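Values in this document were obtained by computation on a predicted structure and should not be read as measured data. In listed order, ligands and their atoms are each counted from 1. Both backbone and side-chain heavy atoms feed into the values below; hydrogens, waters and symmetry mates do not.
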Amino acid sequence: MRVALLPVAVTALASLVLAHAAPGASQPGPAASGPSLLVIVVVDQMRADYLTRFDARFTGGFRRLLDDGAVFDNAYYPYLNTVTCAGHATIGTGALPKSHGAILNQWYDRALGRPRTCTEDLSATTFTYGTSDTGRGHSAAALRVPTLGERLRARSPESRVLTFSMKARSALMLAGRQATAATWLGDHGFETSSALGGLRPEISRALFASPMQAAHDEVWERLMPVDTYTGIDDGIGERPDPGWTRVFPHPLAGTAPGHFHNLWEESPYSDAYLGELASTAIRDFQLGQRGVVDLLGVSFSATDLVGHSFGPESHELQDTLLRLDRALGALLATLDRVVGRDRYVLGLSADHGVAKIPEAERAAGRPGGRVPLGLVRSTVEQALSGLGPGPHVARAEYTQVYLTPETAAKATAETLAPAIAALKAMPGLQAAVWNRTLDGPVDGVAPDVLNAIRGSYDRERSGDISIVPAPYWFLVLGSRPDGGDGTTHGSANEYDQHVPLVFLGRPFTAGHYAARVSPADLAPTLASTIALPMPGIEGRAVPLTPARGPQ
Ligand SMILES: [Zn+2]
């Protein structure tokens, strides 16, 4: 049973750090009245409409953001691959995937002849806090553009950059290649990477003073009376992880030994824990309190894990948001009290949205479905059989089809035409494009779809052909037409691209803003509050003229 996840004892790694904790005095500090702490909050898998749908039910952090924040109602990812690594890298760097290079959670590495994750770094080692465990490394070495945190540390090396998430890719892409520490949940506890900064990981004993194991016997129930939740609990097509049913209550221990780790992570308890870790870090590392600007990044993951299993209409997702509202409220209260209400600036966004559960949509007479990647692959193999015996496809990795080197060498508009036609004819795909033709117009592909493909395109890492899911359809692993999670994201459709973007802090005027913006604008907007230049990115500091006043 994997419950010894978070031993309270902390390794020598951590104690070494405490010796380094003295603040430097010689570095350029923040302006006397300017922000001393930049805060990035990401909610993993949060659609823009969640803010409006649940507005009346928020009383905590989301309430504060809606009432006192600059709320951008039209923030869209302008690219195709709306997935976690790409979104966090976009928020962290202010650049688009075509520039920062983290195009997917995983892509096919042609040189290695195998897929690699966006954080894979064989030169790095991963340490699990409180244990002597080390593992294969993760880092943000794949990034081709520095993050806001890296630029901050380049200007003032004493600046501390700390990020927290349940996911390695989220913590690392917010932090970058240089940071004080990025912390995420691995298989055996919270981890960090040897790659960061060449420093000892700065995590103190107090950070892990409330081990998650204490929640082992907790049961996740709805926070509020059942009749305040919209829709039904037992929704069509919900696919909970082993140990849970489709309806409340959800015991965190599940039904068998070994369930707890995943179920805790998938519950709002992990969000609350992460908020506490961040609050502890603010105090222990004196973030924003040392005469130098620091950066804190927090990516809450439970909304994504719950959303994949239960869908965006579920009681579980609603409850996770209501509880995140409280966790976020507690984090803001710490920031107000410890750093000072006027001394931090905060930007909140999401890494992507999500589709509704297609089976529930179809039962209601609306479109929706799943496109198995195994079928994508076999469709291309068959369509290209005239080119020789094959195989012609090296890998179908999400929206990217990678041809074998032999077939890629024969690729022309004519030789690939049968594959493009066959893919376009597949149910659930609205477009298929040979990536070599992305420089110009492509017949039969809408300009906005083409721009979305370009936004995710990296010549070295992308495939040879991009496929684009039709509205309400998504890609799933395997060959089964009913495969995959309850639902997912990762398309150029509105529900995947449209996310919240809210700023809070003294430089921002409360209200709703109608300008069309992007989560790539988050980092340069925070940077603008401390006059930190961020050249070489697509994001821009947002325009600060509200369309309508506070509501
Ligand atoms: Zn995500």
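Looking at residues two or more places apart in sequence or on another chain, you find a side-chain hydrogen bond (donor to acceptor under 3.5 Å, both in side chains) between Asp233 and Arg222. Applying the salt bridge (Lys or Arg N to Asp or Glu O under 4.0 Å) test to Arg540 and every residue at least two apart in sequence or in another chain returns nothing.
Ion pairing between Asp458 and Arg144 holds under the 4.0 Å rule for side-chain N and carboxylate O. Note on Glu313 versus Arg53: salt bridge recorded, some NZ/NE/NH1/NH2 to OD/OE distance being below 4.0 Å.
Among residue pairs with one or both ends in residues 322-331, those qualifying as salt bridge (charged side-chain N to carboxylate O under 4.0 Å, His left out) are Asp319-Arg323; sequence neighbours excluded.
Protein contacts to the Zn ion (ligand 1) involving N, O or S atoms at a distance below 2.8 Å are Asp44 OD1, Thr84 OG1, Asp351 OD2, His352 NE2.
Geometric assessment of Arg454 against the ring of Tyr79 yields a negative cation-pi assignment under the 6.0 Å and 45° thresholds.
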